[in-house]
Every structure is written in structure tokens, then in C-alpha cells.
Amino acid sequence: MAEQRVFAKPEELAQAVAVLTIQALGAAVERSGTATWVLAGGSTPAAAYRLLAQEQGALPWDRLNVLMGDERCVAVDHPDSNWGQAAAALLDHVPVDGNRLLVPEGTLPPDEAAARYAAALAQVPTDAAGLPRLDHVWLGVGEDGHTLSLFPGLEAVEVTDRLVAGVHNSPKPPPERLTLTLRALRGAQDCLIIAAGAGKAEVIARALRGDVKLPVARAAQAVEEAGGRVTWLLDEAAAAHIG
Ligand code: 6PG
């Protein structure tokens with residue numbers, strides 16, 4: 001059963017995300033020499049990224065393979081770029097190894113960008129099932145229960161034969177994206193689902209009840225079914241409807 005932790009203040013939520021991330025990635029590097037971290041897009045992770053940017057010595061940054069869980073099909077310097085936002089808040093401020101940064105090629109059309117990102121994942125160590133081992137994964141949650149760019153009812157949610165899918169009709173602009181799939185999430189070892197704000201309360205409660213109409217519930221299920229650990233990190237507003 002996934003752990004749920006609820007925080008009164010946004011800064012407490014961000015601090016918990018940062019502490020758990022340092023612990024998880026540090027342990028993974030201890031075990032294997034490197035660790036793979038999947039970043040989340042959207043606005044919620046920004047405060048945690050900024051806290052981690054102040055932790056130069058807390059992690060062997062140059063041993064981290066860094067991915068973005070989903071990306072909008074825009075250039076990295078476009079204000080909508082998830083990678084661009086994470087770089088500005090964190091990656092440009094810590095001593096990561098540029099050869100270990102898997103930057104999505106957002107200027108390509110969705111399906112081509114997705115195929116090239118899937119090919120780039122070959123650089124990531126695999127788990128016993130042959131999937132990229134995603135040591136630590138951050139997932140955000142949309143008010144419709146989407147996560148990554150897996151939106152309710154869209155075909156990317158049901159992709160089972162690929163690690164990365166193109167999205168052409170995201171209801172959340174911009175419409176064109178690439179996203180890890182539920183198949184890729186089966187390689188997640190440790191996953192933080194991070195949500196804040198009253199707008200998420202209804203879908204968080206439904207997802208925690210296992211409502212598989214919500215992609216975030218399917219994502220948690222995919223991680224746990226494959227043996228990974230899921231921790232829900234919420235502020236009080238997002239947790240308000242939990243029974
Ligand atoms: C994206 C994100 C998306 C995000 C949620 C939550 O590209 O939009 O990857 O999945 O995590 O929509 O976004 P907020 O954190 O801004 O609420």
C-alpha cells in the first residue's frame with residue numbers, strides 16, 4: 001500500500017520532496033555507482049528543484065542520469081519547456097554531467113521526438129526485466145487526474161509496446177508532447193507523486209481509492225505491480241477529500 005504524507009505548508013512539502021530525493025538517489029548511487037532520476041514537469045516541483053539547487057554537496061550530481069518524464073514539443077528555451085524550467089531552477093546550478101542529461105528533442109514532431117527519446121533511454125542501466133531502471137521518479141498530477149502527459153481517454157495511456165509515446169491532442173496546452181508510458185513506469189523503483197492545491201483534491205481522493213479511469217492511479221498501479229514503491233506527497237488542500 002502506497003504511503004501518503006500530508007504537509008500543512010508548501011515549503012514543508014518541497015522540503016520533504018528534496019530530502020526523500022537526496023536519500024533515494026544517494027542510496028541508488030551507493031548501490032550501483034549511478035542513479036537515474038526522472039524529473040516532473042508543471043509548476044509544483046519548482047520549489048523542490050530550487051531547494052535541491054542549494055544542495056551542491058548532498059548528492060554525487062555527476063553520477064545522475066537525468067530524464068524528463070514528459071515534455072512539451074517546444075524548444076528548451078521556450079517558456080513552456082519542462083526541461084527548460086527544471087534547468088533554470090536546478091540543473092544549471094549543480095555539477096551534473098552533461099553526458100548524463102537526456103534532454104528531450106522538443107523541436108521535433110511528437111512521434112519522432114518520442115522515438116528518439118526512447119532510443120536515448122538505451123543509455124540508462126536496465127532492471128532484471130530489461131526495462132530502463134528508473135531509480136527515482138517524480139510525477140505531478142493534473143486536476144483531471146493526468147500524470148506525465150497521460151491524459152484521461154487519450155491513446156498514449158494505453159500504449160504497451162513502447163517506453164515513450166507522442167501526444168498530439170493534449171487538453172492541457174501545448175497540445176503536442178512526448179511522454180513516458182505506463183510500460184516505462186514499470187521500471188520505476190521509487191516514485192514520488194507530488195500534488196498541491198484544492199484543485200487536485202477530488203482526483204487525489206479518487207486515485208487513492210484506485211479509480212483506474214485516472215491515469216495517475218494507473219501510474220501508481222504500474223509502479224507497484226512491478227515491485228516499485230509509491231509515496232504520495234500532498235499539501236493539506238490536495239489531501240482534503242481523502243476519506
Ligand atoms: C506537464 C506536466 C504535467 C504536470 C501536471 C501538474 O507537462 O504539464 O508534466 O503532468 O505534472 O499537469 O502540473 P502543475 O504542477 O503545474 O499543477
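Numbering of ligands and ligand atoms starts at 1, following listing order.
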**Request:** Would you check if the side chain of Y117 reaches a backbone N or O of M68 as a donor-acceptor pair within less than 3.5 Å?
**Result:** yes
Heteroatom proximity flag, [X] to ligand 1, N/O under 3.5 Å:
X	result
L148	yes
S43	yes
S149	no

**Item:** Within-shell test, R177 vs ligand 1, heavy atom, strictly < 4.0 Å
**Value:** yes
Look at [atom] and say which protein heavy atom is nearest, naming residue and atom and giving the distance to 0.1 Å.
atom	result
atom 6 (C) of ligand 1	V141 O, 3.3 Å
atom 5 (C) of ligand 1	H146 NE2, 3.4 Å
atom 4 (C) of ligand 1	K172 NZ, 3.8 Å
atom 17 (O) of ligand 1	K200 NZ, 2.8 Å
atom 9 (O) of ligand 1	D70 OD1, 2.6 Å

**Asked** Minimum heavy-atom separation for D70 to S149, with atom names?
**Response** OD2-OG, 2.6 Å
**Asked** Any ion pair linking E158 and R218 (charged N to carboxylate O, less than 4.0 Å)?
**Response** yes
For ligand 1, which atoms have a heavy atom of [X] less than 4.0 angstrom away?
X	answer
G41	2 (C), 9 (O), 11 (O)
R72	1 (C), 7 (O), 8 (O)
N82	1 (C), 7 (O), 9 (O)

Non-hydrogen side-chain atoms of [X] and [Y] separated by less than 4.5 Å:
X	Y	answer
T36	P125	yes
L39	P45	no
P171	L154	yes
N65	T34	yes

Have a look at ligand 1 and work out which part of [X], if any, has a heavy atom under 4.0 Å from it: side chain, backbone, both or neither.
X	answer
E143	neither
T44	both
E71	neither

**Message:** Heavy-atom count check: over 12 atoms from other residues, nucleotides or ligands less than 6.0 Å from Q123 CD?
**Reply:** yes
**Request:** Could you pull out all residues at least two apart from D77 that satisfy side-chain contact (heavy atoms from CB on, under 4.5 Å)?
**Result:** A75
**Prompt:** Same cluster or not: are W37 and W83 linked, directly or through other Ile, Leu, Val, Met, Phe, Trp or Tyr residues, by side-chain heavy atoms under 4.5 angstrom apart?
**Reply:** yes
